[in-house]
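As structure tokens, the structure follows; a few thoughts come after it.
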Amino acid sequence: MRIATWNVNSVRARTARVVDWLKRTGTDVLAMQEIKCRPEQFPSEPFRAAGYELAVHGLDQWNGVAFASRLPLEDQRIGFEGMPGYAKPGGEPRPEARALGVVVEGIELWSLYVPNGRALGDPHFAYKLDWLAALDAATRHRLAQQPGLPLALMGDWNVAPREEDMGDPSFVPGASTHVSPQERAAFQAILDGGLVDVVRPYAPTGYTFWDYKNLRFPRNEGMRIDFILGSQAFAEQVVDGRIDRAERKGDAPSDHVPVLVDLDPELGGAEGYDEDDDRPMIF
DNA sequence: ATGCCTAATACGATTAGA
């Protein structure tokens, strides 16, 4: 089974590119972020014509997460337990379309779009840290419920966890988002909860994002911020991983590229998803 | 060439991204 994650930066602006990529790579399940539309605006027909069914969560023109799959999508969940909303200054917190969970062949998959943070000290930065802490807590709770669950958190984490993951000189250590100690600690806490980066062993170097501005791609001044983190029962099924850097080339690319893993379900010894799961479908 | 930002919306100037 081939599973991938891709911040597509508007699915309507890149429909042909995404569908062509799915067909060309034979990807079975794609988690998308920043679809930038509501479900009724999603370009469903080209995906369905290519043999993919969809799960879409979008509230407005911002954010938005989705799955395209040629295997059956089960048990969709909007958001996770305790997911905070964003409160604009002076406003009430509102949940944003940043998390969508599905189950495919007994594997629980999440498409996640971690808040950007904007700037150290910005309210959005505190929101980002809260969001990551809540995700950590929800994931620990989930894996405590089902220790053998094959689970993957896939998406745009907006954190460059290691020094070698930040190649954009406009991000200054100590003064920028994505590389702050707080963000890196929040990311590490999720790893400490029992998840592993299942791509890094197969793709030890490389970026997944290059800003559109300032010749970042030709200069290869990118960042590695898109990750697939798997539980132990997921990780033991992974037989390959890749960053598809070539997708940053050509006409009208997303500023992010796809990140993929291949699974061999024969290697999975876990019991899989619990059919009697009684969690709510919307958090 | 991989080339000096891009997308959605209120369809112009603003917001957001990282």
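Below, chains carry the letters A, B, ... as their sequence lines are ordered, and counting in each starts from 1.
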Can you tell me which nucleotide in [options] comes closest to the side chain of [X]?
X: A:Tyr212; options: B:dT2, B:dA18, B:dC5; result: B:dC5
X: A:Lys249; options: B:dC5, B:dT2, B:dG17; result: B:dT2
X: A:Arg14; options: B:dG17, B:dA7, B:dT9; result: B:dA7
X: A:Asn158; options: B:dA8, B:dC5, B:dA18; result: B:dA18
X: A:Leu215; options: B:dC4, B:dA18, B:dA7; result: B:dC4

Quick one: is [X] getting a side-chain N or O under 4.0 Å of the [N] phosphate, OP1 or OP2?
X: A:Ser10; N: B:dA8; answer: yes
X: A:Gln41; N: B:dT9; answer: yes
X: A:Arg219; N: B:dG3; answer: no
X: A:Asn7; N: B:dA18; answer: yes

Rounded to the nearest angstrom, tell me the gap between atom [atom1] in [X] and atom [atom2] in [N].
X: A:Asp255; N: B:dA8; atom1: CG; atom2: C1'; value: 15 Å
X: A:Met32; N: B:dA7; atom1: CE; atom2: P; value: 17 Å
X: A:Phe217; N: B:dA1; atom1: CZ; atom2: P; value: 15 Å
X: A:Glu96; N: B:dG17; atom1: CD; atom2: C1'; value: 13 Å
X: A:Asp211; N: B:dT2; atom1: CG; atom2: P; value: 19 Å
X: A:Lys88; N: B:dA16; atom1: NZ; atom2: C1'; value: 10 Å
X: A:Asp60; N: B:dA10; atom1: CG; atom2: P; value: 11 Å
X: A:Asn9; N: B:dA16; atom1: CG; atom2: C1'; value: 10 Å

Counting any heavy atom closer than 4.0 Å, what does A:Asp156 reach on the DNA or RNA strands: base, sugar-phosphate only, or nothing?
-> sugar-phosphate
Base, sugar-phosphate alone, or nothing: which one does A:Tyr113 contact when heavy atoms must sit under 4.0 Å apart?
->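 Sugar-phosphate, no base atom in range.
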Is it true that [X] and [Y] have a side-chain N and a carboxylate O under 4.0 angstrom from each other?
X: A:Arg279; Y: A:Asp75; answer: no
X: A:Glu247; Y: A:Arg17; answer: yes
X: A:Arg38; Y: A:Asp60; answer: no
X: A:Asp28; Y: A:Arg2; answer: no
X: A:Arg77; Y: A:Glu108; answer: no

Where each residue is assigned the nucleotide of DNA chain B containing its nearest heavy atom, which of A:Trp62 and A:Lys36 is assigned the position nearer the 5′ end?
-> A:Lys36
With nearest nucleotides of DNA chain B determined for A:Arg245 and A:His124 from heavy-atom distances, which residue corresponds to the more 5′ nucleotide?
->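 Closest to the 5' end, via its nearest nucleotide, is A:Arg245.
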Taking the [atom1] atom in each of [N] and [M], what is the distance between them to the nearest angstrom?
N: B:dG12; M: B:dA7; atom1: C1'; answer: 14 Å
N: B:dA8; M: B:dA18; atom1: P; answer: 15 Å
N: B:dT6; M: B:dA10; atom1: P; answer: 23 Å

Side-chain donor/acceptor of A:Asn116 to base of B:dA18, under 3.5 Å |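 Check passes, donor-acceptor contact within cut-off.
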Has A:Arg248 got its NZ or CZ under 6.0 Å from the middle of the six-membered ring of A:Phe217, at an angle within 45 degrees of the ring axis?
-> yes
